[in-house]
2 protein chains.
Amino acid sequence: MNTTQRTDQQRSAARRRRELLEAADRVVLRDGPQASMNAIAAEAGITKPILYRHFGDKGGLYAALAKRHTDALLNSLRAALDAPAERRERVESTLDTYLAAIEARPQVYRFLMHPSEGSQSDQGFDVGKHSVPLLRRMGEELAQVIEDRLDLGPGSQQLARVWGHGIVGMMHAAGDWWLGERPCSRAELVKSLADLLWGRLAAAGDRVGGPGF
Amino acid sequence: MNTTQRTDQQRSAARRRRELLEAADRVVLRDGPQASMNAIAAEAGITKPILYRHFGDKGGLYAALAKRHTDALLNSLRAALDAPAERRERVESTLDTYLAAIEARPQVYRFLMHPSEGSQSDQGFDVGKHSVPLLRRMGEELAQVIEDRLDLGPGSQQLARVWGHGIVGMMHAAGDWWLGERPCSRAELVKSLADLLWGRLAAAGDRVGGPGF
DNA sequence: CGTGCCTGTTACTTGCGGTAACTCGCAGTG
DNA sequence: CACTGCGAGTTACCGCAAGTAACAGGCACG
């Protein structure tokens with residue numbers, strides 16, 4: 001039998017795969033999300049067909065690459081979310097962790113968020129067939145934390161999921177805008193968003209001259 | 001002089017442009033965001049180069065098409081935002097307007113939100129060079145309304161912009177997720193999101209067994 | 001030795017965005 | 001009327017990227 005050889009081969013294949021992913025990483029970091037398969041292959045010192053043998057198609061490579069960064073980011077966020085501190089402090093620290101990450105590597109961020117994928121003929125609207133995008137995973141994760149930690153009364157599960165996705169979307173959109181315009185410091189942004197979540201919108205008074213928003 | 005003829009030509013050119021846009025609309029509605037220029041030209045009964053004469057490049061056509069729908073949606077939202085009612089009611093009606101729109105025409109929605117654009121060599125991170133994407137426009141619009149109508153104390157302008165983009169992002173992400181999974185009715189989603197904005201996150205009690213999120 | 005099997009290559013096909021160069025019809029002018 | 005410009009439209013092409021045969025060497029196993 002050839003079990004030892006099998007595992008040997010699998011091991012080497014896995015190592016090769018990691019190398020290829022790292023090369024792809026470098027290229028994406030340099031060229032942005034529209035990096036070509038040729039370019040990635042060249043960076044890895046090989047040619048296209050091997051890439052296709054390892055990842056199937058461009059979507060497969062995207063999925064693998066995205067998974068790496070997504071997992072890493074989610075781990076950071078989980079750490080911030082689980083830190084021993086008061087709720088508000090945790091929220092702020094989680095927001096800050098996310099913003100720091102996208103600030104540190106905008107190219108990677110753009111690759112993850114704007115994958116420019118085009119699925120065909122979505123009968124019935126079948127978003128994201130292969131890799132559940134980062135936003136969804138973050139939303140589900142946050143929903144889980146909310147449901148585990150907060151007492152929301154009846155319908156808590158549904159509410160937690162809505163909030164999870166909603167809060168993540170808020171963070172994402174605000175971060176995207178902030179990254180493009182840099183209208184304020186990261187700390188200010190974090191505080192403003194936390195204030196929003198803390199109900200300052202409902203608490204604010206109307207401006208003179210008519211009923212408020 | 002030939003001014004009348006000039007305007008005649010301009011008029012006809014504008015009409016042609018509208019026809020082309022409507023054809024493009026049909027194709028996008030049928031094929032999704034990855035509709036090819038050839039397909040659009042065929043649908044319009046002509047060939048590619050005319051499209052390029054009218055819109056410059058694919059991005060130009062995208063921008064023109066997006067502007068139509070974006071303007072239409074923004075008008076609906078403005079109407080909901082300006083209705084004579086209490087703040088909470090307005091917020092809910094605005095959320096519902098948006099969700100009803102994306103529910104009614106998911107293909108258009110996907111086209112607007114996931115344009116799959118790939119700009120090259122973003123030195124310095126230059127998001128969305130031509131058409132400011134829908135999310136940004138909605139964010140700015142909402143920011144303006146917030147700043148006009150609410151009394152937020154010092155730093156109100158900055159705060160309003162952050163909130164505008166944040167709230168829009170919340171709405172977008174929650175809507176995207178909801179459209180894919182349909183976990184609840186539109187009304188329930190609206191209420192949950194409004195509750196989130198109304199500070200129920202901060203007000204919720206901790207669950208038994210440890211400090212809350 | 002031959003036989004699989006994995007890794008790698010070259011060379012191709014297909015399809016799309018975008019463009020150059022030509023044709024046709026039609027106003028206006030001598 | 002012939003001539004000239006001009007705008008709408010076409011065919012035929014280029015470049016480039018995704019994806020795919022089909023072939024070539026290395027290395028274990030019988």
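Side-chain atoms are counted along with the backbone in the values below, which use heavy atoms only and exclude waters and symmetry mates. Residue numbers start from 1 in every chain, and the chains themselves are labelled A, B, ... in the order their sequence lines are given, proteins ahead of strands.
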For B:D82, the side-chain contact (heavy atoms from CB on, under 4.5 Å) test, sequence neighbours excluded, returns B:R149
A:R137/A:D71 salt bridge by N-O under 4.0 Å criterion: yes
Whole-Å distance between D:dT10 P and B:I50 CD1? 4 Å
Between protein and nucleic acid, restricted to nucleotides 11-15 of chain C and to nitrogen or oxygen atoms under 3.5 Å apart, what atom pairs and distances do you find?
none

Distance-only donor-acceptor hits, side chain of residues 189-197 of chain A, under 3.5 Å, sequence neighbours excluded:
from: A:K191; atom 1: NZ; to: A:D195; atom 2: OD2; distance (Å): 3.0
from: A:S192; atom 1: OG; to: A:E188; atom 2: O; distance (Å): 3.0
from: A:D195; atom 1: OD1; to: A:R88; atom 2: NH1; distance (Å): 3.2
from: A:D195; atom 1: OD1; to: A:R88; atom 2: NH2; distance (Å): 2.8
from: A:D195; atom 1: OD2; to: A:R200; atom 2: NH1; distance (Å): 3.0

Distance-only criterion, 3.5 Å: show the donor-acceptor pairs between side-chain atoms of residues 46-54 of chain B and protein atoms not counting sequence neighbours.
none

Once you round it to whole Å, what is the distance between C1' of D:dC6 and CZ of B:R53? 11 Å
Atom CG of A:N38 and atom P of C:dT9 are separated, to the nearest Å, by 12 Å
Hey, does the side chain of B:R161 reach the backbone of B:A143 with a donor-acceptor pair shorter than 3.5 angstrom? no
Looking at every non-hydrogen atom in both residues, tell me the closest pair between B:I146 and B:G164 and how far apart they are. CD1-N, 4.1 Å
May I have the distance from B:R16 (atom CZ) to D:dA8 (atom P), rounded to whole angstrom? 9 Å
When the C1' atoms of the five terminal pairs at each end define the local axes, what inter-axis angle does the helix from C:dC1-D:dG30 to C:dG30-D:dC1 show, to 10 degrees? 30°
Would you kindly give the NE2-to-C1' distance between A:H54 and C:dT7, to the nearest whole Å? 8 Å
List for me each residue that meets ring-ring contact (aromatic ring centres under 6.0 Å, His included) alongside B:W177, sequence neighbours excluded, and say none if there are none. A:H165
Would you check if there is a donor-acceptor pair between the side chains of B:D57 and B:Y62 at a distance under 3.5 Å? no
Given the ring of B:W178, does B:R182 sit roughly above its face, with NZ or CZ under 6.0 Å from the centre of the six-membered ring and within 45° of the axis? yes
Rounded to the Å, how far apart are A:K58 NZ and D:dC16 P? 16 Å
Atom CG of A:L51 to atom C1' of D:dA17: distance rounded to whole Å? 13 Å
Candidates D:dA17, D:dT11, C:dT9 - which lies nearest the side chain of A:T47: C:dT9
Expressed in angstrom and rounded to an integer, what is the separation of A:Y52 atom OH from D:dA21 atom C1'? 14 Å
